[in-house]
Amino acid sequence: MDNETHIRVRYAPSPTGRLHVGGVRTALFNWLFARKNGGTFVLRIEDTDLERSTEESVEQLERSMRWIGLDWDEGPEVGGPHPPYRQTERFDLYREAAKKLLDSGAAYYDFATPEELAWLRERARAEGRQPIYTGGEYREMDPDEAGERIQAGQPYTVRFKTPREGQTVVQDMIRGPVTFENANLEDFVLMKSTDTPTYNFAAAFDDAEMEISHVIRGDDHLSNTPRQILIHEALGNPLPAFAHVPQVLGPDKKKLSKRHGAASVEDFAERGYLPEALFNYLALLGAGYAADEEIFTPEELAERFRIDRVSGNPAILDEKKLRSVNAVYLRRKSPEELAALAAPMLVESGALTEEELGRDRARLANIMALLKERIALTTEIPDSVGYFYGGSLDYDEDEFENQFGKEFVRENFPELVERLTALPEWTETAIEEAVRGLAAEREKGARHLIHPLRFAVTGRTVSAGLFETMQLLGRERSLLRAGDAARKMQRLSV
RNA sequence: GGCCCCAUCGUCUAGAGGCCAAGGACAUCGCCCUCUCACGGCGAAAACCCGGGUUCGAAUCCCGGUGGGGUCACCA
């Protein structure tokens with residue numbers, strides 16, 4: 001493949017917390033774009049903020065990416081031709097580049113103190129001007145004098161000498177050309193007084209060094225892009241193409257955050273969403289796919305992905321829809337897959353022990369087959385499966401009275417239990433015949449027996465079909481609970 | 001506030017000047033299936049932000065307003 005046109009994209013998160021779904025979505029778009037075009041997807045850790053970056057976040061981030069199904073061709077763990085892939089390990093590279101900019105006159109040493117800068121900003125605000133710092137006396141200071149000050153130990157930053165006139169145009173693949181007046185851009189910092197790079201400098205430098213052809217990122221970076229373009233030009237780098245994808249918002253149209261319930265990949269995982277469902281939903285969100293279908297594999301998504309179709313609109317995450325997509329994925333799973341998913345959750349919830357589980361793996365699969373159309377989130381599993389295990393149940397008093405207080409039930413339930421006990425074989429059809437038979441003899445609708453029986457054996461008013469449920473519950477357990485209910489019924493005051 | 005982006009049903013969207021009395025999906029509401037709940041099937045309600053242009057003709061193009069979002073750090 002032609003190296004000049006080889007597509008290389010990157011996702012460059014800063015490890016300062018959990019991976020936000022807005023973040024994974026842009027990672028997803030990068031991944032999709034790379035897969036679609038036979039390109040390379042690079043992961044780069046932007047940890048230049050020593051204060052906020054943590055090792056734990058790096059691990060969490062990589063774990064979240066892998067969980068949802070995003071693998072990277074180059075980056076931490078996997079390596080690649082442009083190492084290292086963590087900015088804190090690339091400081092020498094930035095220092096060298098800063099030197100180059102200083103030598104060419106594209107940048108300068110700035111000795112203004114933070115207090116001075118704050119005062120300048122304040123005064124600008126008081127006078128109703130925009131605070132645009134242009135370096136004052138330092139911008140054109142004689143290099144020798146600057147050198148002397150540095151020798152004397154005076155702290156400094158390195159700033160970019162932003163042109164005071166003209167415009168910088170971002171050619172955005174989603175929005176078209178976006179024009180910025182250079183006069184509105186200040187002389188931004190390239191190197192901090194700690195001799196470490198700022199985001200704009202490190203990002204622009206790395207994108208060029210790593211030969212990134214397309215920068216696809218959140219639109220919160222759109223206003224940074226003219227600065228990065230200026231850096232690229234000063235460094236003599238070819239410009240990558242840009243695409244700025246919108247944020248993911250909560251239902252109140254504010255940036256999605258924890259107070260909306262869930263905002264990070266881990267939050268959604270904890271709430272019972274499947275990785276493939278989150279992947280599918282997020283990839284569809286605001287991506288401008290044709291609307292006739294909505295369930296796609298990552299491969300299908302990649303095949304159809306078009307960056308220029310991505311909407312410029314902020315996208316509101318609709319958890320109801322995510323939930324329904326999740327339910328589809330749950331339903332599509334085989335009973336065995338669902339059993340594997342459910343097993344650890346059931347053990348953790350205390351519904352059963354490891355041994356019990358190991359003894360009857362097939363039964364769990366059968367239970368899941370019965371339940372899978374009734375759950376939308378994996379977190380619903382323990383509650384909906386729990387009554388298939390264990391012995392006697394604690395009945396809700398009010399509901400018990402509601403179910404067993406009726407005269408017909410009081411008169412016939414004991415007989416029903418007897419007939420069930422006498423059943424020669426415990427099968428769905430045998431149970432059904434017993435129940436319907438008795439109801440027919442008493443000239444009543446079967447539902448008058450079915451509902452209390454359901455409540456007796458499951459402890460709840462809703463479940464899968466009663467007869468198949470009872471077969472799976474097993475004779476012993478069903479009869480135990482039915483007997484419990486019959487006795488409890490006797491004690492009910494009339 | 002300055003700068004920038006954006007604007008079709010509640011939400012995600014289809015729509016690239018006539019095919020649109022605007023289509024789909026989720027959610028909502030009915031009906032059917034039925035032992036309950038789901039699943040499934042059928043159906044209903046629901047949108048082109050406003051105002052000016054351009055044009056024979058605009059949801060689609062232009063301008064303005066309004067609204068929403070982003071960003072204004074030695075954070076990324």
Side-chain angles (χ1 to χ4, degrees), chain A residues 12-16 46-49 51-53 87 110 112-114 117-118 121 125 128-133 155-159 170 172 174-176 178-181 183-186 188-200 202-203 218-226 244 246-247 249 251 253-255 281 284-295 311-325 327-328 331 370-376 384 432 435-436 439 445-451 453-455 458 460-467 469:
Chain A
S14 55
T16 56
E46 306 216 324
D47 54 353
T48 55
D49 185 344
E51 305 278 302
R52 298 196 302 147
S53 300
Q87 292 188 325
D110 178 52
T113 64
L117 294 170
R121 264 195 295 273
R125 195 170 338 121
R129 287 181 293 111
Q130 290 305 309
I132 295 169
Y133 183 69
Y156 63 89
T157 59
V158 176
R159 282 185 189 264
V170 178
D172 191 281
I174 297 174
R175 300 153 209 275
V178 181
T179 305
F180 294 86
E181 292 294 333
N184 289 330
L185 266 30
E186 70 175 358
F188 49 95
V189 173
L190 261 18
M191 295 295 285
K192 306 175 195 174
S193 56
T194 51
D195 202 27
T196 59
T198 58
Y199 158 74
N200 277 120
D219 70 358
D220 48 335
H221 287 302
L222 182 51
S223 60
N224 278 319
T225 305
H244 290 90
Q247 315 278 75
L249 272 29
K253 298 193 177 180
K254 299 284 178 229
K255 192 170 163 163
Y281 176 75
L284 245 34
L285 189 62
Y289 284 98
D292 52 347
E293 281 177 85
E294 53 170 8
I295 303 297
S311 165
N313 265 7
I316 294 172
L317 186 141
D318 180 6
E319 203 169 337
K320 291 237 185 75
K321 181 141 187 173
L322 207 207
R323 188 187 163 87
S324 91
V325 170
V328 171
R331 258 179 262 134
L370 206 59
L371 260 24
K372 68 174 181 176
E373 274 167 9
R374 277 160 256 260
I375 52 177
S384 55
E432 177 157 14
V435 175
R436 289 196 192 281
R447 66 175 186 282
H448 293 101
L449 255 19
I450 287 173
H451 293 309
L453 218 210
R454 161 180 289 114
F455 187 71
T458 68
R460 52 190 61 209
T461 56
V462 303
S463 76
L466 178 63
F467 312 118
T469 296

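Please read these numbers as outputs of a predicted model, since none were measured by experiment. Order of the sequence lines sets the chain letters (A, B, ...), proteins ahead of strands, with each chain counted from 1.
- Counting any heavy atom pair closer than 4.0 Å across all strands shown, A/Ala464 reaches a base atom.
- Distances were taken from every side-chain heavy atom of A/His451 (C-beta onward) to each of B/rA27, B/rC35, B/rG40; the shortest belongs to B/rC35.
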Hey, mind stepping through A/Tyr199 and A/Asp49 against side chain to side chain donor-acceptor pair (under 3.5 Å) and telling me if it holds?
CA-CA 8 Å; A/Tyr199 158 74; A/Asp49 185 344; over 6 Å; no
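- Across all strands, A/Arg460 comes closer than 4.0 Å to no nucleic acid atom at all (heavy-atom distances).
- Residue contacts for A/Lys254: at a heavy-atom cut-off of 4.0 Å it reaches the sugar-phosphate backbone alone, with no base atom in range.
- Of the C1' atoms belonging to B/rC19 and B/rC62, the separation is 25 Å, rounded to the nearest Å.
- The same atom, C1', is picked in B/rA45 and in B/rG40; the two are 22 Å apart, to the nearest Å.
- Here the side chain of A/Lys253 is nearest to one of B/rC5, B/rA25, B/rG68, namely B/rG68.
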Sugar-phosphate or base contact per nucleotide [nucleotides 71-76 of chain B; S, B, -; heavy atom under 4.0 Å]:
S-SBBB
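- As rounded to the nearest Å, B/rU55 and B/rU13 have P atoms that lie 34 Å from one another.
- Between A/Val462 and A/Gly288, the residue anchored nearer the 5' end of RNA chain B, judged by the nucleotide with its closest heavy atom, is A/Gly288.
- For A/Arg175, taking side-chain heavy atoms from C-beta onward, the closest of the listed nucleotides B/rA25, B/rU11, B/rC5 is B/rC5.
- For A/Leu222, the listed nucleotide lying nearest its side chain is B/rC4; candidates were B/rC35, B/rC4, B/rC37.
- Base-pair partner of B/rA46: not found among the strands shown (Watson-Crick or G-U wobble, both distances under 3.5 Å).
- Proximity note for A/Arg454 (side chain, C-beta onward) versus B/rC35, B/rG40, B/rG69: the nearest is B/rC35.
- Here, B/rG65 and B/rC4 have their P atoms 13 Å apart, quoted to the whole Å.
- Counting non-hydrogen atoms under 4.0 angstrom, A/Leu466 reaches a base of the nucleic acid.
- Rounded to a whole angstrom, the distance from the C1' atom of B/rG17 to that of B/rC33 is 47 Å.
- When the C1' atom is compared between B/rG23 and B/rC39, the two are found 26 Å apart, to the nearest whole Å.
- Across B/rA22 and B/rA47, the matching P atoms stand 10 Å from one another, rounded to whole Å.
- With sequence neighbours left out, A/Ala287 forms a side chain to side chain contact (heavy atoms under 4.5 Å, CB included) with A/Phe29, A/Tyr289.
- For A/Thr461 and A/His451, the side-chain atoms include no donor-acceptor pair closer than 3.5 Å.
- As judged by a 4.0 angstrom heavy-atom cut-off over every strand, A/Thr179 is placed among residues touching the sugar-phosphate backbone only.
- A salt bridge links A/Asp219 to A/Arg175: one of the charged nitrogens lies within less than 4.0 Å of a carboxylate oxygen.
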